[in-house]
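These notes are about the structure you will find just below.
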Amino acid sequence: MLDLIFVRENLESVRTALNNRNFPTELLDKFAELDSERRRVIGEADKINQLRNSSSKEIGALMQAGKREEAEAKKAEVSGLKEKQSEFEKLRDEAETQMKYLLANLPNIPAADVPVGADETANVEIRKWGEPKQFDFEVKDHVDLGESLGILDTERATKITGSRFAILNGAGARLERALVNFMLDVHTGEHGYTETLPPFMVNRKSLFGTNQLPKFESELFHIKDEREFALIPTAEVPVTNYHSEEILEANDLPKHFTAYTPCFRSEAGSYGRDTRGLIRQHQFEKVELVKICFPENSAEEHEKLTANAETILQRLGLPYRTVVLSTGDMGFGAVKTYDIEVWLPSQNTYREISSCSNCGDFQARRMNLRFRRAGGAKPEFAHTLNGSGLAVGRTWIAVLENYQQADGSILIPEVLRPYMNGLEKIG
RNA sequence: GGAGAUGUGGCUGAGUGGCUGAAAGCGGCAGUUUGCUAAAUUGUUGAGGAUCAAAAGUCCUCCACAGGUUCGAAUCCUGUCAUCUCCGCCA
């Protein structure tokens, strides 16, 4: 959420930012009018409240002085105020709600160094690691590999649940678990993150805090229950909200969390895409990285977080490239986003395996996450960052495809072998 | 699932209708004192919003949350949520 006063004072640069994001600006067109109306009705409501408060005090004084008749006269006078009061409070609440709706639906302002462009074609590759391996046989994709090895079963998952679900078996399930443990060990042991295991369901307030609501309701799986919980689409939701509604001490910052969770996405708008295999599932596993930090450090923390995610791919020996998303391709709440894309031989291309975003104070303002600098300073909004470190399902795919052998077996990357009971090869 | 209790500021904890944005203590901050540490002592110390060029000042809102009663509510009433205790059930 953008700051009200910031929008008021920078209306044109906000408009430019929306245009660069291919975002409609009609909400913004209503801003000035709504802003002055809001201030007007707040002023009116305050004035009435002030009159009521002072009159009530007078009544109290008169009662105490024993002047009953005067008090009764005053009472009659004040009771006439009630209607007017509730009328203006209603107007005020309405204006506040409308302003909040407007602000809640405006995306974040991209950082100055984000490439301006309409879509993903304007993304800029900033580095590349590893060389795609040349195979001297015809490569198979992860579905063919996994099913012939008996470690992947999509048909039965469809029977049990539905499309876009999968079952991993035997060494396949073990590989998934090995990847999770490997990632968590590196992030906690070497990168200084604190492991956390959050709830897999969250309330609507938390979803608002991390921008899933109000705009992305349809991408969530909602629990049919009067409590209105939803399954988490990413651990970013419960973990970033960890300190919502709090004022942290300066020496509490920065906070670095890593969390392994399943993620649930309805992906309502993507029925035609990636229908085969594990690329796009309604349920997938992810190891997430979340940081809460000082505003002045968030850009640097963003670089480090991205590097932390890349480390996993390097250790696994998986070729990847990192791109910075253009203004037209980046997410709603981000100031700047790096996507890490892993090489998939079967598709002969790089595919997203991690998305690392600096959200600035956008989420912190939504969830009222603040900190106080030493010396009793005014509370300020913290900055929040998040990134996948990594999407485990897609890493599983990348391992199968990049480490496949001519006979259809899978060589297990060295770093994973200790997590797989020393197993060197599947198949 | 059943029965009961409780929800006050960073923390502990007073406060059963008006002078309470809220006693007291702790913590924090600033000063004084002490050779240092520690201690003592004085003062100060919540958040959001409106007004204002800005600051100061003034005003409004907030005692879990949402409603209600009243001229007036932290205080009375209703609902929700959370926590605790006991019983049941379960991993």
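Letters A, B, ... are given to chains in the order of the sequence lines, protein chains preceding strands, and every chain is numbered from 1. All figures in this text were calculated on a predicted structure; none of them were measured in a lab.
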Check your understanding: Expressed in whole Å, how much space separates the C1' atoms belonging to B/C89 and B/G72?
Key -> 49 Å
**Study point:** Nearest-Å distance once atom C1' is located in both B/A24 and B/A3
**Key:** 36 Å
Practice item. Determine the interatomic distance between C1' on B/U41 and the same-named atom on B/U58; round to the nearest Å. Key: 35 Å
Review point. If you check every side-chain atom of A/I59, which of B/A47, B/C71, B/G49 has the closest atom?
Key: B/C71
Practice item. Under 4.0 Å between any heavy atoms, over every strand shown, what does A/I42 touch: base, sugar-phosphate, or nothing? Just pick one. Key: sugar-phosphate
Practice item. Let me know the distance between CG of A/N203 and P of B/C65, rounded to the nearest Å. Key: 16 Å
Review point. Looking only at atom P, what distance separates B/G88 and B/U16, rounded to whole Å?
Key: 39 Å
Review point. Is A/K378 touching bases, backbone alone, or none of the nucleic acid, heavy atoms closer than 4.0 Å?
Key: sugar-phosphate
Point to revise | A/I48 CD1 - B/A50 C1' separation (whole Å) | key: 14 Å
Review point. Which part of the nucleic acid does A/R40 contact within heavy-atom distance under 4.0 Å: base, sugar-phosphate only, or nothing?
Key: nothing
Point to revise | Value in whole Å for how far the C1' atom of B/A47 lies from CZ of A/F371 | key: 16 Å
Check your understanding: Using atom P of each nucleotide, how far apart are B/G48 and B/G10 to the nearest Å?
Key -> 11 Å
Check your understanding: What residues form a ring pair (Phe, Tyr, Trp, His ring centres under 6.0 Å) with A/F294, not counting sequence neighbours?
Key -> A/F371
**Study point:** First encountered from the 5' end of RNA chain B, between A/D35 and A/S54
**Key:** A/D35
Check your understanding: Does A/K100 count as lying over the ring of A/F208, i.e. NZ or CZ under 6.0 Å from the six-ring centre, within 45 degrees of the axis?
Key -> yes
Review point. Of all the choices, B/G46, B/U61, B/G49, which nucleotide is nearest to the side chain of A/R52 once you look at every atom?
Key: B/U61
**Study point:** Proximal nucleotide (of B/G18, B/A47, B/G49) relative to the A/M63 side chain
**Key:** B/G18
Check your understanding: Expressed as a whole number of Å, how far does the C1' atom of B/C63 sit from that of B/G46?
Key -> 12 Å
Check your understanding: Closer to the 5' end of RNA chain B via nearest nucleotide, is it A/N53 or A/E249?
Key -> A/E249
Study note, to complete from the structure: Which of B/A50, B/G18, B/A47 is nearest the side chain of A/S56? It is B/G18
Point to revise | Integer angstrom distance from the P of B/G21 to that of B/C62 | key: 11 Å
Exercise for review: Decide yes or no on side-chain hydrogen bond (donor to acceptor under 3.5 Å, both in side chains) for A/E37 and A/Q98, but give the supporting numbers first.
Suggested key: CA-CA 11 Å; A/E37 171 65 4; A/Q98 279 186 36; over 6 Å; no
Review point. Using the P atom in both, what is the distance from B/C76 to B/G17, to the nearest Å?
Key: 9 Å
Practice item. Please work out if A/R92 contacts a base, only the sugar-phosphate, or nothing of the nucleic acid, heavy-atom cut-off 4.0 Å. Key: nothing
Practice item. Please determine, for the side chain of A/N49, which listed nucleotide (B/C71, B/C60, B/A47) has the closest atom? Key: B/C60
Check your understanding: Parallel, tilted or perpendicular: which fits the ring planes of A/Y193 and A/H187, with parallel below 30° and perpendicular above 60°?
Key -> perpendicular
**Study point:** A/E190 bridged to A/R315 by N-O distance under 4.0 Å
**Key:** yes
Review point. Partners of A/F88 by ring pair (Phe, Tyr, Trp, His ring centres under 6.0 Å), sequence neighbours excluded?
Key: none
